[in-house]
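Here is the naming used below: chain letters follow the sequence lines, and residue numbers restart at 1 for every chain.
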Amino acid sequence: MSVLINKDTKVIVQGITGGMGKTHTELMQAYGTNIVGGVTPGKGGQEVCGVPVFDSVSEAVEKTGANCSVIFVPPYLALDAALEAIDAGVPLISVITEGLPPQDAVKLHAAAEKKGVLVNGPNCPGIITPGECLIGIHPGSIYMPGRVGLISRSGTLTYEIGLGLKQAGIGLSTAVGIGGDPIIGIDQKISLKLFEEDPDTDIIILVGEIGGTAEEEAAEYIKTNIKKPVIGYIAGRTAPPGKRMGHAGAIISGGKGTAESKQKAFEAAGVQVAVTPSEIVELVKQVLPAMSV
Amino acid sequence: MSVLINKDTKVIVQGITGGMGKTHTELMQAYGTNIVGGVTPGKGGQEVCGVPVFDSVSEAVEKTGANCSVIFVPPYLALDAALEAIDAGVPLISVITEGLPPQDAVKLHAAAEKKGVLVNGPNCPGIITPGECLIGIHPGSIYMPGRVGLISRSGTLTYEIGLGLKQAGIGLSTAVGIGGDPIIGIDQKISLKLFEEDPDTDIIILVGEIGGTAEEEAAEYIKTNIKKPVIGYIAGRTAPPGKRMGHAGAIISGGKGTAESKQKAFEAAGVQVAVTPSEIVELVKQVLPAMSV
Amino acid sequence: MRLREYEAKQLFRESGIPTPEGKVIRYAEEIFANKIYPCTLKTQVLTGGRGKLGGIQFADDPNDAYKKAQDIFALEIKGDMPEAILVEPKVNIKREIYVSILIDRAYRGPIIMAAAEGGVEIESSDSIQIVPITGGNYSSYLGRKMATQLGLTGKDVLKFGNIVNRLWDVYTKNDCDLVEINPLIVDGDGNFVALDGKITINEDSLGRQPRFDGMLGAHLTDLGEREFKGKMCDLNIVELEGNIGILCNGAGLTMATMDLVFHHGGKPSNFLDVGGGANKDHVTRALDLVASDEEVKVLLVNILGGITDCVEVANALKHYKEIRPKANLVVRLVGNNEEAAQKIMNDAGITMTNVLDDAVKQAVAVAA
Amino acid sequence: MRLREYEAKQLFRESGIPTPEGKVIRYAEEIFANKIYPCTLKTQVLTGGRGKLGGIQFADDPNDAYKKAQDIFALEIKGDMPEAILVEPKVNIKREIYVSILIDRAYRGPIIMAAAEGGVEIESSDSIQIVPITGGNYSSYLGRKMATQLGLTGKDVLKFGNIVNRLWDVYTKNDCDLVEINPLIVDGDGNFVALDGKITINEDSLGRQPRFDGMLGAHLTDLGEREFKGKMCDLNIVELEGNIGILCNGAGLTMATMDLVFHHGGKPSNFLDVGGGANKDHVTRALDLVASDEEVKVLLVNILGGITDCVEVANALKHYKEIRPKANLVVRLVGNNEEAAQKIMNDAGITMTNVLDDAVKQAVAVAA
């Protein structure tokens, strides 16, 4: 079992004919993801990566029965692409695209909420259920299947932790890369709820970073809603205040969004906090035997 | 009993300081409607018709506990006024204003649906529960309380029928003037449902007119959902095709929206159809004794 | 307010929709400034079906064009004389498409309507496709969705989608009831071009669309003289064939009253809805308008005052009676401020009838 | 991209927000064209707190103004030299208000933020009011709602609401992250005027806002030289005080790596996130940028390829090593296309470390 995606997920790729779309379609296919088609307006009728390309999402859904879309289109076209997928009734959409203007993101998420559509991202690595299905840009080979749920704001840091766990022989039920943008769809709370309800997830790892108050809110949520053990990590403990850290723009400003505040919130919610990525693995190892008792 | 409004309804008037707003506030008060305040941005703090004027709907709701708003503001300001009432959590809004641009009406109703707010109108006479509460511009004196529910697209025709019934000693539970615009909130179906569920309504009168397909849709709805007797009437049987009839713009065009089509739909749904307004009264008289058996 | 073809095309171009490079001429002699042949000359009238009636001609050279321009300027189309001719280069048509945006009651909002074949009989076409624009929230994919519904493929999906994007711009920017391109053609080079267009500006919105100020009158050619005058002072009158003038307030009541006149064997000479909240002056104008029809033997006034104050109507009737003491007048006046109105009417010597059927029967009897 | 005051005010005026009638001067001598006294001279720098540092002066006559203009042009504000002075007539301030529109994570959309008192310390004010603009759907009542929340009454509700309407126009039309008027003043005649303003254009949106083309560089005065260069080629580098250069992909991993360097007792000289999907050339530019810092004793590269192709990184490292054979390089490179990258690295004689902690420890040891 897993959350959000599994071996039965039928995926279409919006922007499949672009360089990035094509490359990652091949990687997803190599991983075993059931890519049933692609969408590039104006290129319908072609075949790319062995799957048909359609001019519209509704046509793709109708002809393939797709229930998930991964979006690789350029930033200024991503809102329209996502609205198209929402309108076509796709229940799960992963927007990989980085650099979506925030005013577009607001419209995207408002439309998704209205229709009850789950949107992963934007600016995210996607989701992987190891051994079953990969949507997005995760390097599939560095994860193994197992019973740990992973939630992360950062893409590459997700890989880091997946790899560390694999090297320790620990696998994941699903890894959800929720994305680093200020406004995202599937957030920490939604992911926590899904993992709590998933019978095949035993432990949850929550990887946060400085900036915003999402971790504090997640900690509040954990207090009352999550019974499974949660292990937390916060990137950016040593970041200088007032500087945008990296492309995702994590920032400590006005004394808000600090690692200390997040760590305290985690601890108050009973979340064990790791100081380094490898410590996460150690903590999981400690919790796992306790659970098998 | 009644539908939508009763003696406990607390009403605010948006546009209370305007000529029409003031006049009809006085008429509503004279009828006994519990007007708790008014809203005119920029005129907060004044008193009009013995009630306080507020600058915003949220302030008015907070201070008065209003659960209904009647809107008398000019056409190009009506969308904003209605959005303000929706945002302030007012559950029932009656937009009396005529001449709201259709593109504004689309936005208004989309916002209302999203929040589950009932909007009466625009371009409507409002609603009256005789003897208890009047919102809008109905001349209160021509109705009497009773057990007949009245739904009408036309304002003055509603009065005509209310008067005819009163002269025959028949009263109304509630009269809902749904308004003549192409896009309205509380429509025939919603009104039918409310009257069907109202224990103090025995018969329903449905007054339609040529143009559009609302009557045909209502007939379909009646077939499967309405057990109470329904008496129908359609204005415009003799209207020449292709001509806009009156300010509300009822029109038969392209062979659609004809009185014949509506009459057939009514008859197929078991709705008795009156050919003149006075015949409505006769039909009600026939049905009433049958019911008291 | 329906625009003429050349006006519609101007709005198209402002929003980036390609049209043929046309020129508007108001005198036949202006045709000699046209340098591109063969060309098309199209009469600029508001009524449809001008092509079948000779309003569209093709010309191969200046002399031919001059003769045809003279013909067209002299040609009345269903009572409408052309105010101009639009001259355009004749285009190479590979394909014709119909596309429009309009508000639809059933969808509670705007829809895109299109058909894979353009043409004049589009209303009755079976191939009409619809894409709703839910809540008025447009995004480009909706235009492309329509493209695929029409069976377009490849680059044509983007080209057609782009036309719809711009059509949406025309529709919202100008508060339109309808924007229509018919036909939207694909020319020899594969470009999408609006060959003919129809735009209806929502009349309730004219007050916030200053660019159309003062244009309404020149765009109402399908109305009779009284209908036109009424429209110009916000009185909605429809002229009929009979001899009973009807003046009511509200479309529903006016229609019911008209139906009732027919029902009781009478013939209305008109249908006049004074609208909501009419004051004395407005009602006076309405009364004058009906009275200006010499066929009218009796004037049937049926007013139920809600937003309309009965006193305002009574004062207008009093004034009317003073000017035309012999006019036949049947009056029913009920509703807000009824008692005060009653008094004015009594003082003016106008009798009132309380029951609608009685009033109608009385009017029919007088007119017979 | 944060705009200077005079640039912000230009956008304000384009959307109809009143500002004082100002003039931008770039040479002190231009002050003599100013005719209105007393006047205010304001240095046009990007950093805040200019008033306390002498960047705002008042002058009563041309000679006074000239002297002060010279002073201001010579005055550095937190490392920033003025590129211009904004000269405005001194205004009569009856009241100061703070108002802004910005995106807020918690509300998942834009909010109106305002306080009944303007001033520089607004961030820490207790009187901040918030009105969310749900789903980005603005309507005028939201501005008026804020007015009433601020305690404004009467005509001021409409005047303030009108300012917010226009501020929303500025915000959406220019793809802003933030539009702020501080203070919004009420002058002696009761008019609302934007006395100072701050606008931040969203950098991801610059590509669709052609009016700001080429302006980014001149609006980054708070960056170090390398930070500036990085920004200009889409490399996000933050300069620190140590001697270990860090090059990673992704903000989270870069921060985690930086944290780990500190954790193991090292001192990073910088933090560089090459972003997602970097190719060989981009990584080469990143490597050159870090290497240009003479303090860097060792370069720690930690790349986990997802959207980034490990081969592209390997080729960049190979090239780097060829040019600087003696440079200390600790490399960890895992993920998509890892085997092929491994081969390139082996051929180039660069050893790789598989475990992050090992890589960091190794770098710390080399730098010590």
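Salt bridge annotation for D:K145-B:D55: absent, with no cationic side-chain nitrogen under 4.0 angstrom from a carboxylate oxygen.
The line from OG of B:S56 to CD of D:Q149 is 8.5 Å long, rounded to the nearest 0.5 Å. Rounding to the nearest 0.5 angstrom, the gap separating the CG atom in B:D87 from the OG1 atom in D:T134 is 6.5 Å. Between B:E59 atom CD and D:T153 atom OG1 the span is 9.5 Å, to the nearest 0.5 Å.
Annotation for D:K173: atom NZ counts as buried by contact number, over 12 foreign heavy atoms lying within 6.0 Å. Remark: D:E21 CD is loosely packed, at most 12 non-hydrogen atoms of other residues, nucleotides or ligands lying under 6.0 Å away.
No option in B:L77, B:D80, B:I86 other than B:D80 meets the side-chain contact (heavy atoms from CB on, under 4.5 Å) test with D:Y141.
Considering every non-hydrogen atom in both B:G42 and D:L158, the closest pair reads CA-CG, 4.0 Å.
Residue D:T148 touches chain B through its side chain alone, counting heavy-atom pairs closer than 4.5 Å.
Using a 4.5 Å heavy-atom threshold, the side chains of D:R144 and B:P41 count as touching.
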